[in-house]
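The block underneath contains the structure these notes are about, expressed in structure tokens.
All of these numbers come straight from a predicted model, not from anything done at the bench. Naming: A, B, ... by sequence-line order, numbering from 1 per chain.
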Number of protein chains: 2
Amino acid sequence: MPQKRVTSLDVAKRAGVSRTTVSFVLNKTSHQQISPETVLRVQQAAEELGYVPDESARALVSRRAQSIGLIFSRPTVRISSDIFLNQVVVGLLDVVHANQMRLLLDVVEDLDEKNTYVNLVKSRRVDGIILNGPRFDEQALDYLAENDFPTVIMGSLPQSHFCSVDVDNVAAARTAVEHLIHLGHRQIACITNAQAPFTAAIHRLTGYRQALENAGLPYSADQVRFGNFDPQSGYTQMKSLLAGPVRPTAVFVASDVVAYGAISAIHEHGLSIPGDIALVGFDDVPMSNFISPSLTTIRLPATELAVKAGELLLDLIQGKPQEPCQVLLPTELIIRQSCGGKPS
Amino acid sequence: MPQKRVTSLDVAKRAGVSRTTVSFVLNKTSHQQISPETVLRVQQAAEELGYVPDESARALVSRRAQSIGLIFSRPTVRISSDIFLNQVVVGLLDVVHANQMRLLLDVVEDLDEKNTYVNLVKSRRVDGIILNGPRFDEQALDYLAENDFPTVIMGSLPQSHFCSVDVDNVAAARTAVEHLIHLGHRQIACITNAQAPFTAAIHRLTGYRQALENAGLPYSADQVRFGNFDPQSGYTQMKSLLAGPVRPTAVFVASDVVAYGAISAIHEHGLSIPGDIALVGFDDVPMSNFISPSLTTIRLPATELAVKAGELLLDLIQGKPQEPCQVLLPTELIIRQSCGGKPS
DNA sequence: ACGTGTTACTAACTCGTGTTAATTATCGCG
DNA sequence: CGCGATAATTAACACGAGTTAGTAACACGT
């Protein structure tokens, strides 16, 4: 009921100065000279009244919403199970806090919902946006590009001029498979993380292929299956592999979560890991260290990617010069038990 | 470079009317009469120009930020691994979208950072907030209560008058343990989801105790261990239980994620699940259906909780009468393999 | 011709802040 | 004592919308 909203005029009255002076003091407008005692009086008045400027009014005049938008572009089901959403949010909030800004979160499930984030931009609710997930509506992207609205993409969007942040999926996958080869495996299958239209899936498959070729091993399409983000798909595809004519001694599963399903399938066949089949995953989901056997995998630096994306975006917003706009962060092979590389 | 921001004046000019008329048409101000052809002309002009109102200006005059804040109150590490964050976000976005609002996400890690969300309120950035996690700074809560700012709490905050949404943790835990008792177990241990200060942990432990007492079984403190959110703690505490003088035939682990650690520990001891030890979890994390053995657990309706919280909050914001303000949603026992209740 | 009502619209004010240009107090110095 | 320079402060406008109160145009009845 109080509704006693404190305005800058209240502060001004209490300090016995004008509203303008209050603004100067609180925003530390440099080229203005205010006597030290006035500064003190204003600060004290503001403190006592618990004054916090109205952000709408401030945004209106300064043309800065003081917040950025994080847009996840994918179907709802895949968002609920996206293990990295948390880490992205945490990383981004770090950057956002350091710059006194706010984080607005949104999701666009379907392409025809392009308005969701274009409206965000047009209504001036955000000063920049981070797009997470590689599939986006062309029209919305064009709008962003034309108005060169500060935008950073997490993931890779082939042949676009946007700033982006990603890992080198090809190299990472190659590393994973090379590890299996070094352990002596010759019959190595692959289950991707996702269907073909997803660029990350293609890249990881490419890395798999390169590793085989570099080692002089034959690439065979019937040792490849396409996962679909969830353990269920890993289970099904692993069953399919095991039903094939030639049983692999190792599998590169391009997603830890998919790998969990594959593990179930292998165990269900009465086979042991890594005894009968070795497994390498991808992502290093927090839980991968705690399943049995613990999963050898490629660490995807999700938080770091988010931080980098946030920093890039803030630079764009502040108009700082942007030279290298397509950033690739390094991955790391985490060796655990699922390949027999290390003991318990 | 264009920076050609479209304002309502542009629309007015193009339609040959005044700015006021544009506002009336676009906001469908009911008690105003505008001729149908004017309405059409204005709508068309707005469409052609791609006009979207500036939200800061609108918020300033209407006193509505058209967005709500979702605040997670816990250390960063626990946010990165909080499997429900996604589901909460998804549920809330659903409600938010249906009401043309936006979702602002924030995190308060430490109690002295109380300002983060009080500032959100004072600066009028949000029209209401949802607090997730039971531990909050008293001062900040008092501020919300005094100004009766629209607030909904996810979780339980003993003796507060806030609206809240939660599950009945006591009853749910009781159900889980009763299931074990019905299967014939007499020696049932418990690993909590968290340390004692967390009310949910207390409640689940209480449910465990009630089930034992109702069945005439003795409660013994040395069959109880306190987990700490992560698999690591489950692993350690399970080891500790197994090192004790009397080995339990079943364990109620009040968190699936903690249970994953416990499973590792059990397997490492060369024991089988459910053959040697039966296990019931709590939460029904998406992955619990895919580990082996798949986990019998209590389903926590995270998305539904979020939706309910969002709806409550919007009612509060719109000043609708609020009768039952402490909502408890039902849980469900999901029977899988970890208790031997069902076959593969 | 004059009220009375209704319809269709608009001028002018408001929200709370940042900022420019102008105004007043203060000081140094011949 | 006076005069310019400079320090300290403020009046007034802008941002882009929503909204109240008021006006102009027209019809109708007597």
Side-chain angles (χ1 to χ4, degrees), chain A residues 3-43 45-46 49-67 100 119 121-125 127, chain B residues 3-43 45-46 49-67 100 119 121-125 127:
Chain A
Q3 301 294 16
K4 38 151 193 178
R5 168 136 192 80
V6 180
T7 158
S8 76
L9 186 59
D10 298 327
V11 177
K13 278 188 198 154
R14 177 174 254 258
V17 295
S18 80
R19 221 176 45 65
T20 309
T21 305
V22 172
S23 175
F24 283 156
V25 171
L26 265 42
N27 297 317
K28 308 195 183 29
T29 312
S30 53
H31 56 87
Q32 288 289 341
Q33 342 238 13
I34 313 274
S35 66
E37 58 264 27
T38 305
V39 169
L40 203 69
R41 222 159 4 115
V42 170
Q43 284 173 339
L49 293 171
Y51 170 68
V52 176
D54 183 311
E55 208 54 52
S56 310
R58 181 184 271 201
L60 179 57
V61 59
S62 72
R63 277 110 184 277
R64 279 287 168 86
Q66 295 288 58
S67 58
Q100 336 285 0
N119 274 3
V121 172
K122 284 194 174 179
S123 65
R124 277 227 164 84
R125 274 190 124 116
D127 302 321
Chain B
Q3 300 293 17
K4 39 153 191 179
R5 166 135 193 82
V6 181
T7 157
S8 77
L9 187 58
D10 298 327
V11 178
K13 278 188 199 153
R14 176 174 255 257
V17 294
S18 79
R19 223 175 44 66
T20 310
T21 305
V22 173
S23 174
F24 283 157
V25 171
L26 266 41
N27 297 317
K28 307 193 181 37
T29 313
S30 51
H31 55 88
Q32 288 289 338
Q33 341 239 13
I34 314 273
S35 67
E37 58 265 25
T38 305
V39 169
L40 203 69
R41 223 163 358 117
V42 171
Q43 284 173 338
L49 294 171
Y51 170 67
V52 175
D54 183 311
E55 208 54 53
S56 308
R58 181 184 269 202
L60 178 57
V61 60
S62 72
R63 274 107 187 280
R64 279 287 166 85
Q66 296 288 57
S67 58
Q100 338 283 0
N119 274 4
V121 171
K122 284 194 175 179
S123 65
R124 277 229 165 80
R125 273 191 126 116
D127 302 320

What's the [atom1]-[atom2] distance between [X] and [N], to the nearest Å?
| X | N | atom1 | atom2 | value |
| --- | --- | --- | --- | --- |
| D54(B) | dA14(D) | CG | C1' | 13 Å |
| R63(A) | dG16(C) | CZ | C1' | 16 Å |
| L60(B) | dA14(D) | CG | C1' | 12 Å |
| R124(B) | dG16(C) | CZ | P | 7 Å |
| K28(B) | dG18(D) | NZ | C1' | 15 Å |
| E55(B) | dA17(D) | CD | C1' | 10 Å |
| R58(B) | dC15(D) | CZ | C1' | 16 Å |
| L9(B) | dG18(D) | CG | C1' | 15 Å |

Let me have a per-nucleotide readout for nucleotides 7-12 of chain C, 5' to 3', with B, S or -, counting only protein heavy atoms under 4.0 Å. SBBBBB
Tell me whether the side-chain N/O atoms of [X] come closer than 4.0 Å to OP1 or OP2 in [N].
| X | N | answer |
| --- | --- | --- |
| S8(B) | dA17(D) | yes |
| S23(B) | dG18(D) | yes |
| Y51(B) | dA17(D) | yes |

Quick check: closest heavy atoms across [X] and [Y], and the distance to 0.1 Å?
| X | Y | result |
| --- | --- | --- |
| V22(B) | S8(B) | CG2-O, 4.1 Å |
| T7(B) | Y51(B) | C-CE1, 3.6 Å |
| S56(A) | D54(A) | N-OD1, 2.7 Å |

Holding to side-chain hydrogen bond (donor to acceptor under 3.5 Å, both in side chains), I want the full list of residues that pass it with S18(B), two or more places apart in sequence or in another chain. T21(B)
Set of residues satisfying side-chain hydrogen bond (donor to acceptor under 3.5 Å, both in side chains) with respect to S23(A), sequence neighbours excluded: N27(A)
Can you confirm whether Q66(B) sits close enough to E55(B) that some side-chain heavy atom of one is under 4.5 Å from a side-chain heavy atom of the other? yes
Side-chain touch R64(A)/R58(A), heavy atoms, less than 4.5 angstrom: no
Sequence neighbours left out, cut at 3.5 Å: what donor-acceptor pairs do the side chains of residues 36-43 of chain A make with other protein atoms?
residue	atom	partner	partner atom	Å
T38(A)	OG1	S35(A)	OG	2.6
R41(A)	NH1	A15(A)	O	2.6

Starting from the first five and the last five pairs of the helix from dA1(C)-dT30(D) to dG30(C)-dC1(D), work out the angle between the resulting helix axes, to 10 degrees. 70°
Please name all residues satisfying side chain to side chain contact (heavy atoms under 4.5 Å, CB included) with A65(A), sequence neighbours left out, ordered by chain then number. S67(A), D127(A)
